[in-house]
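Given the structure is predicted, the values throughout are model-derived calculations rather than measurements.
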There are 2 protein chains.
Amino acid sequence: MAAPYPEPTFSLAVGQNCRAREILDLVANKWSLGVVDTLEAGPQRFGELKRGIAGISQKMLTSTVRELERDGIITRTVYAVMPPNVVYGLTDLGKTLLAATRPLVRWSLENMAAIDDARSEFDERSREIAPGRPAK
Amino acid sequence: MAAPYPEPTFSLAVGQNCRAREILDLVANKWSLGVVDTLEAGPQRFGELKRGIAGISQKMLTSTVRELERDGIITRTVYAVMPPNVVYGLTDLGKTLLAATRPLVRWSLENMAAIDDARSEFDERSREIAPGRPAK
DNA sequence: CAGAATCCTGTGAGATACTG
DNA sequence: CAGTATCTCACAGGATTCTG
């Protein structure tokens with residue numbers, strides 16, 4: 001039966017622990033991980049950050065950094081000058097988060113192909129199984 | 001300042017890599033992580049799995065396991081008996097995903113309190129800064 | 001028991017326009 | 001430059017009912 005189940009660390013029980021689920025939501029959204037990962041390069045201004053994250057709108061960047069700031073993951077430093085200059089950076093907590101997400105990010109990069117394969121194989125099989133689908 | 005920025009592994013550039021973002025979405029949703037984590041205990045039937053994940057509806061469980069099956073993360077074994085018996089389990093790929101997510105899950109458990117503190121502190125500060133908010 | 005089918009709602013998220 | 005303010009819409013996700 002292939003590989004045995006992983007090290008039997010007693011289950012962290014994400015399923016049962018509502019609080020854990022809530023905290024994980026911090027990362028389980030479209031942009032947070034991208035922001036944290038991008039800030040790894042060092043503190044950056046709003047505009048830099050925006051350019052660093054493909055496809056994000058300024059609205060989403062604004063609300064994402066606000067939330068991450070609130071959660072203590074990133075800092076927001078405002079320089080009272082004209083034009084405005086606001087710099088974001090990781091807090092110590094943010095750095096530990098970054099470290100904790102790295103395996104997952106790495107996994108996603110390493111397994112893109114495997115997932116693509118699984119998907120097309122799955123889609124292939126579904127087409128076979130249901131040859132006489134109800135039209136329309 | 002404080003701690004230096006983490007090991008300067010060249011950034012994995014989640015921000016720029018759209019594909020990476022797409023794959024991460026696999027985990028960046030409300031239930032996938034809970035399902036994978038719960039299956040760590042071993043293969044389980046639909047009902048067991050549902051009971052193992054607090055708050056999930058069977059609709060969400062159904063669509064989540066379907067997606068995870070499609071992505072090659074879990075297996076779905078149907079025993080043609082009455083009443084139906086369907087067992088879900090982790091694939092080898094799923095087990096590597098589980099391992100990759102563990103640091104993050106652990107992080108969330110370890111840092112709940114820190115995040116709560118950050119939040120209340122942040123909320124506290126906002127209240128100070130804006131004492132004369134426009135009514136309504 | 002393990003779902004499929006519906007109905008319904010909140011909100012995640014994009015596009016656009018405006019401002020200190 | 002770094003936002004805020006609206007408007008809009010799709011869709012994630014809940015509740016409920018039905019079936020092999």
Side-chain angles (χ1 to χ4, degrees), chain A residues 14-15 18 21-22 24-35 38-39 43-71 74-89 126 129-130 132-134 136, chain B residues 15 18 21-22 24-35 38-39 43-71 74-89 126 129-130 133-134 136:
Chain A
V14 181
C18 290
R21 256 285 333 286
E22 188 198 328
L24 282 169
D25 279 350
L26 205 158
V27 156
N29 69 63
K30 203 168 179 185
W31 301 112
S32 296
L33 236 147
V35 169
T38 301
L39 281 178
Q44 289 168 62
R45 309 179 53 167
F46 188 88
E48 299 178 85
L49 203 45
K50 179 157 165 27
R51 279 187 296 279
I53 302 170
I56 197 171
S57 65
Q58 81 274 58
K59 176 190 170 182
M60 278 304 103
L61 180 53
T62 300
S63 63
T64 302
V65 293
R66 203 67 88 224
E67 179 62 26
L68 289 174
E69 183 198 2
R70 176 169 183 261
D71 293 335
I74 67 179
T75 59
R76 178 173 182 270
T77 312
V78 181
Y79 297 96
V81 296
M82 204 49 193
N85 187 345
V86 180
V87 174
Y88 296 92
S126 345
I129 294 173
R133 273 270 182 62
K136 196 207 95 126
Chain B
C18 290
R21 257 284 334 286
E22 187 196 330
L24 283 170
D25 279 350
L26 206 157
V27 156
N29 69 63
K30 203 168 177 184
W31 302 111
S32 297
L33 235 147
V35 169
T38 302
L39 282 178
Q44 288 169 61
R45 307 179 54 167
F46 188 86
E48 299 178 87
L49 203 45
K50 179 156 163 27
R51 279 187 296 279
I53 302 170
I56 196 170
S57 65
Q58 83 270 66
K59 177 189 171 184
M60 276 304 103
L61 181 53
T62 301
S63 63
T64 301
V65 293
R66 204 66 90 225
E67 179 62 26
L68 289 174
E69 185 197 1
R70 176 168 183 262
D71 293 335
I74 68 178
T75 59
R76 178 174 182 269
T77 312
V78 181
Y79 297 97
V81 296
M82 201 53 189
N85 187 345
V86 180
V87 175
Y88 296 91
S126 345
I129 294 173
R133 274 266 181 65
K136 202 206 87 144

Scan nucleotides 7-20 of chain C nucleotide by nucleotide, 5' to 3', and note B when protein non-hydrogen atoms come under 4.0 Å of the base, S if they reach only the sugar-phosphate, - if neither.
B-----BBB-B--B

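- Between Leu26(A) and Leu68(A) there is a side-chain heavy-atom pair separated by less than 4.5 Å.
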Distance-only donor-acceptor hits, side chain of residues 55-64 of chain B, under 3.5 Å, sequence neighbours excluded:
{"residue": "Ser57(B)", "atom": "OG", "partner": "Met60(B)", "partner atom": "N", "Å": "3.2"}
{"residue": "Thr62(B)", "atom": "OG1", "partner": "Gln58(B)", "partner atom": "O", "Å": "2.6"}
{"residue": "Ser63(B)", "atom": "OG", "partner": "Lys59(B)", "partner atom": "O", "Å": "3.4"}
{"residue": "Ser63(B)", "atom": "OG", "partner": "Met60(B)", "partner atom": "O", "Å": "3.2"}
{"residue": "Thr64(B)", "atom": "OG1", "partner": "Met60(B)", "partner atom": "O", "Å": "2.7"}

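- Residues Arg66(B) and Arg51(B) each lie close to DNA chain C; by heavy-atom proximity, the contact nearer the 5' end of the strand is made by Arg51(B).
- Of all heavy-atom pairs between Asn29(B) and Ser32(B), the closest is ND2-OG, 2.7 Å.
- Taking atom CG of residue Leu61(B) and atom P of nucleotide dG3(C), one finds them 8 Å apart after rounding to whole Å.
- Scanning DNA chain D 5' to 3' for nucleotides with an atom closer than 4.0 angstrom to a non-hydrogen atom of chain A gives a first and last hit of dC1(D) to dC7(D).
- Under the salt bridge (charged side-chain N to carboxylate O under 4.0 Å, His left out) criterion, Arg45(B) pairs with no residue at all, not counting sequence neighbours.
- For dA2(C), the OP1/OP2 oxygens have a side-chain nitrogen or oxygen of Arg45(B) closer than 4.0 Å.
- Recorded end-axis angle for the helix from dC1(C)-dG20(D) to dG20(C)-dC1(D) stands at 50°, based on five pairs per end and rounded to 10 degrees.
- In terms of phosphate contacts, Arg76(B) brings no side-chain nitrogen or oxygen within less than 4.0 Å of OP1 or OP2 of dA2(C).
- Under the side chain to side chain contact (heavy atoms under 4.5 Å, CB included) criterion, Gln44(A) pairs with Thr38(A), Leu39(A), Ala41(A), Glu48(A), Leu49(A), not counting sequence neighbours.
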